Amino acid sequence: MFALVDCNNFYVSCERAFNPSLRQVPVVVLSNNDGCLISRSAEAKALGLQMGEPYFQVKPLLEQHQVRVFSSNYALYGDMSRRVMHYLASVAPALEIYSIDECFLDLHGLDRYLHPDLATLGAEIRTQVHRRTKIPTCVGIAPTKTLAKLANRLAKKYPKLNGVCYLDTEQKRHKALALTPVEDVWGIGRQYADKLHAQGIRTAAQLAEQRENWARKFLGGVVGVRLLRELQGKVCQHLQPSEDGTLSRQSITYSRTFGTPLTAFPDVVGAVSAFTARAAEKLRRQGSAVNTLSIFLSKDRFSVEPPPYSFSTVVTLPVATSDTSELLRHVRSALKRLWQPDTVYKKAGVVFDGLETAGQQQLNLFASPNKGEVRDRLMQDLDRLNERFGAGAVHFAAAFVRKGERAAWDSRAAYQSPAYTTDWAQLWTIG
DNA sequence: TCTGGGGTCCTAGGACCC
DNA sequence: TCTGGGGTCCTAGGACCC
């Protein structure tokens, strides 16, 4: 059996955890640059506000209903997520952190020895997570990950279930499939949903009755076959345990829309250098080194001009590195290649691919080992200082911004709550 | 004025080699 | 002259997820 624990409206719930005046009223959280709605309280959903809607389009409606609006505050959400996951890691022998607000638990064994009724365990998880973090959750328990997802959705949708849905019998599995529209199945997006509707398939139950060859043909090959089997209760997707309770990535991206569009080369270099420095911090935090980096610059994707809106270039390094200064050198020369004069840029980013375990990189016969060690120590000190004194306390000249000033590329974030849990200066006060 | 950001997996097709 | 079949590696792009 697998359990899926999913936090309800996670970002809104994080804001509410520290601000009781937000309870029972409509609340939304905006994406980076205050662009779109990415988290909505139940009250906000009831007003008809949709996931991903552009903020500027719904602003009048938000004001009319006095919806409380927040810019996203990832320092807070990341820290709250760690607290939730830390507790969940104590519940089951193995867990897979699927996203910032979702976690799969492997319950094999538990069902037999510890908890004769797993629904009781699900209820206990909800109680404990809420007691420790004030974050509400729902729990779906089922024989496969896809069915656990489906069960979780039912737990959210039907209040009678008290936030826990346990598919322990064939009868319940059938009923759950029949109650689920096919477009709500994990792995069925817009394209496939349209295709399925055109063939008269409207529920997960109907989908589960199809033949494997049909799935192979119409649902993306082996992916579709696995989806079908998982709905039928046959395990195809195993738990991918998150070692030491953290998430380790195969690629790392840092990209941002600029607060104001940029036209000057030095501004763009400054922006991408700052992004590279942040991505390199993430890289070192997970103990990796990178051998392939892509750099991209984007124009206005909503412009009437024909595409392409985005231009990228790839740099393959002879030896993987996690050294910010080395990465910055490559980024600067890549930008010179990409740069087109008289162009308005709205967004840029870096992608690190081909991640290797740091220290186990292919040997470079020509590099002096001492130099590498000195750089590693420098990077460690840099990360420690920034952790202690706040991001950007120490940084590279290319990404320099005078203290207290906004960089030309800074995103808008007009409605940010304090970093209650991660910054001494912004500590939560009871008054 | 304003419409996010960060991931994963899979497939098809080209280049190249034997 | 004219031709087959297989294998590998890489990249671009599609589809999905939160």
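These numbers come from a predicted model, not from an experiment. Numbers restart at 1 for each chain; the letters A, B, ... are given by sequence-line order, proteins then strands.
- Residue A/Arg412 places no side-chain N or O under 4.0 Å from the OP1 or OP2 atom of B/dT1.
- Judged by a 6.0 Å distance limit and a 45° cone about the ring axis, A/Lys145 is positioned over the six-membered ring of A/Phe104.
- Taking atom CG of A/Asn73 as the reference point, atom C1' of B/dG5 lies 16 Å away to the nearest angstrom.
- Rounded to whole Å, the distance from CG on A/Leu247 to P on B/dG7 is 9 Å.
- In this structure, A/Lys59 reaches neither bases nor backbone, as no heavy-atom distance under 4.0 Å exists between it and the strands shown.
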- Task: Before giving the answer on side-chain hydrogen bond (donor to acceptor under 3.5 Å, both in side chains), spell out for A/His197 and A/Glu183 the whole-Å C-alpha distance, their side-chain angles and the decisive distance to 0.1 Å.
- Result: CA-CA 9 Å; A/His197 288 164; A/Glu183 62 269 26; 3.1 Å; yes
- Stepwise side-chain hydrogen bond (donor to acceptor under 3.5 Å, both in side chains) check, A/Ser71 with A/Asp34: CA-CA 6 Å; A/Ser71 302; A/Asp34 293 343; 2.8 Å; yes
- Convert the base pairs of DNA chain B into dot-bracket notation, remembering that pairs crossing earlier ones are written with [ ] and that bases paired across to another strand are shown as |; include only Watson-Crick or G-U pairs under 3.5 Å. ....||||||||||||||
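- For A/Lys156 and A/Asp6, the salt-bridge test passes: some basic side-chain N is under 4.0 Å from an acidic carboxylate O.
- Residue contacts shown for A/Tyr98 are limited to sugar-phosphate atoms, with no base heavy atom under 4.0 Å away.
- Taking side-chain N and O atoms only, A/Thr257 has a distance below 4.0 Å to OP1 or OP2 of B/dG5.
- If you check B/dT3, C/dC18, B/dG7 against the side chain of A/Arg249, the one that comes closest is B/dG7.
- At a threshold of 4.0 angstrom between heavy atoms, the contacts of A/Val351 with the nucleic acid are absent.
- Within the nucleic acid shown, A/Glu102 comes within 4.0 Å of sugar-phosphate atoms alone, with no base atom in reach, counting heavy atoms only.
- One atom, CZ of A/Phe275, and another, C1' of B/dG5, lie 12 Å apart when rounded to the nearest Å.
- In the model, A/Glu15 has no side-chain atom that pairs as donor or acceptor with a side-chain atom of A/Tyr420 under 3.5 Å.
- Backbone-only engagement by A/Asp101 is indicated by non-hydrogen atom pairs under 4.0 Å involving sugar-phosphate atoms exclusively.
- Ring geometry for A/Phe265 against A/Trp339 counts as perpendicular: the plane angle is over 60°, on a 0 to 90° scale with 30° as the lower cut.
- Computed from coordinates, the A/Glu183 CD to C/dC17 P distance equals 11 Å when rounded to whole Å.
- Proximity of A/Gln240 to the phosphate of B/dT8: no side-chain N or O atom is located under 4.0 Å from OP1 or OP2.
- Stacking annotation: A/Phe56 is not stacked on the base of B/dT1 (requires ring centroids less than 5.5 angstrom apart and an interplanar angle below 30 degrees).
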- Message: Run A/Thr257 and A/Asn33 through side-chain hydrogen bond (donor to acceptor under 3.5 Å, both in side chains) and show every step you take.
- Response: CA-CA 7 Å; A/Thr257 301; A/Asn33 218 31; 4.9 Å; no
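- One atom, CD of A/Gln286, and another, P of B/dG6, lie 14 Å apart when rounded to the nearest Å.
- Heavy-atom distances to DNA chain B give each of A/Ser251 and A/Gly35 a nearest nucleotide, and the one nearer the 5′ end belongs to A/Gly35.
- Proximity of A/Lys149 to the phosphate of C/dC17: no side-chain N or O atom is located under 4.0 Å from OP1 or OP2.
- Contact annotation for A/Lys195: no contact, since no heavy-atom pair falls under 4.0 Å across all strands.
- When the nearest nucleotides of DNA chain B are assigned to A/Arg256 and A/Ser248 by heavy-atom distance, the more 5′-ward of the two goes with A/Arg256.
- Under a 4.0 Å N-O distance rule, the pair A/Glu53/A/Lys45 does not qualify as a salt bridge.
- Of the candidates C/dC17, B/dG5, B/dC10, B/dG5 carries the atom nearest the A/Asn32 side chain, counting heavy atoms from C-beta on.
- OP1 or OP2 of B/dG7 has at least one side-chain nitrogen or oxygen of A/Thr253 nearer than 4.0 Å.
- By the 30° and 60° cut-offs, the orientation of the rings of A/Tyr77 relative to A/Tyr74 is perpendicular.
- Contacts of A/Ser411 with the nucleic acid, taken as non-hydrogen atoms under 4.0 Å apart, are absent.
- Contacts of A/Ile100 with the nucleic acid, taken as non-hydrogen atoms under 4.0 Å apart, are absent.
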Under-3.5 Å N/O pairs linking protein and nucleotides 11-16 of chain B:
none

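- A sub-4.0 Å separation between OP1 or OP2 of B/dG6 and a side-chain N or O of A/Ser255 is present.
- Nucleotide C/dC18 holds its C1' atom 12 Å from the CG atom of A/Leu4, rounded to whole Å.
- A centroid separation of less than 6.0 Å is found between the aromatic rings of A/Tyr98 and A/Trp186.
- No contact: A/Leu30 has no heavy atom under 4.0 Å from any strand.
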- Task: List the steps and the verdict of side-chain hydrogen bond (donor to acceptor under 3.5 Å, both in side chains) for A/Arg202 and A/Gln206.
- Result: CA-CA 7 Å; A/Arg202 309 212 78 93; A/Gln206 287 175 293; over 6 Å; no
